[in-house]
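The shown structure was predicted, so the numbers you read here are calculated from the model rather than taken from an experiment.
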Amino acid sequence: MSTESKRGEGAAEELGGKVKKVAGQIIGNEQMEAEGRAKELKGEAKQESAKAAGRAEGKVNEVVGAVKNRVGAVIGNEQMQAEGKVKELKGEAKQKANE
C-alpha cells in the first residue's frame with residue numbers, strides 16, 4: 001500500500017471518528033463520544049505514520065540519486081548523471097509532499 005493511500009485511509013478514519021464523536025456529544029452518549037475520539041486519534045496517527053514513511057523514502061531516493069549523479073560526473077557518463085539528478089529531485093519533492 002502506498003503512502004498516499006495510507007494517508008487517505010487515515011484521513012477517512014479520522015473523519016469517521018469526528019462524526020462518531022459529535023454524534024455521541026449530540027445524543028449525550030459518552031462512550032460513543034470516547035470511541036469516536038479514539039478513532040479520530042487513530043486516523044491522525046495513521047496519517048503521521050504514512051508521512052514519516054514518505055519522508056524516509058524520499059530521503060533514500062535523494063541520497064541514492066545524489067550518489068548516482070556524482071558517480072556519473074566522475075566517470076563522464078552524462079546519462080547516469082542526469083538519471084541521478086532526476087532521482088535526487090524526485091526524492092526531495094517526496095519529502096516536501098510529506099511534511
- Is any side-chain heavy atom of Glu57 closer than 4.5 Å to a side-chain heavy atom of Asn98? no
- Item | Salt-bridge criterion met for Lys59 and Glu62 (N-O under 4.0 Å) | yes
- Query: Out of Gln31, Arg37, Lys39, which one pairs with Glu35 under the side-chain hydrogen bond (donor to acceptor under 3.5 Å, both in side chains) rule?
  - Reply: Gln31
- Note on the structure: Between Ala97 and Arg7, the two heavy atoms sitting closest are O-NH1, 3.1 Å
- Message: Let me check something: do Met80 and Val67 share a hydrophobic cluster, defined by ILVMFWY side-chain heavy atoms less than 4.5 Å apart, either directly or through other members?
- Response: yes
- Item | Pairing residues for Lys51 by the salt bridge (Lys or Arg N to Asp or Glu O under 4.0 Å) criterion, not counting sequence neighbours | Glu48
- Task: May I have all residue pairs that pass side chain to side chain donor-acceptor pair (under 3.5 Å) and include part of residues 63-72, sequence neighbours excluded?
- Result: Lys68-Glu83
- Message: Within the 3.5 Å criterion, strictly below it, is a donor on Glu99 or Gln95 matched to an acceptor on the partner's side chain?
- Response: no
- Are side-chain heavy atoms of Lys90 and Lys87 found at a separation under 4.5 Å? no
- Is any side-chain N of the basic residue among Lys18 and Glu14 closer than 4.0 Å to the acidic one's carboxylate O? yes
- Distance, nearest 0.5 Å, that separates CD1 of Ile27 from CE of Met32: 4.5 Å
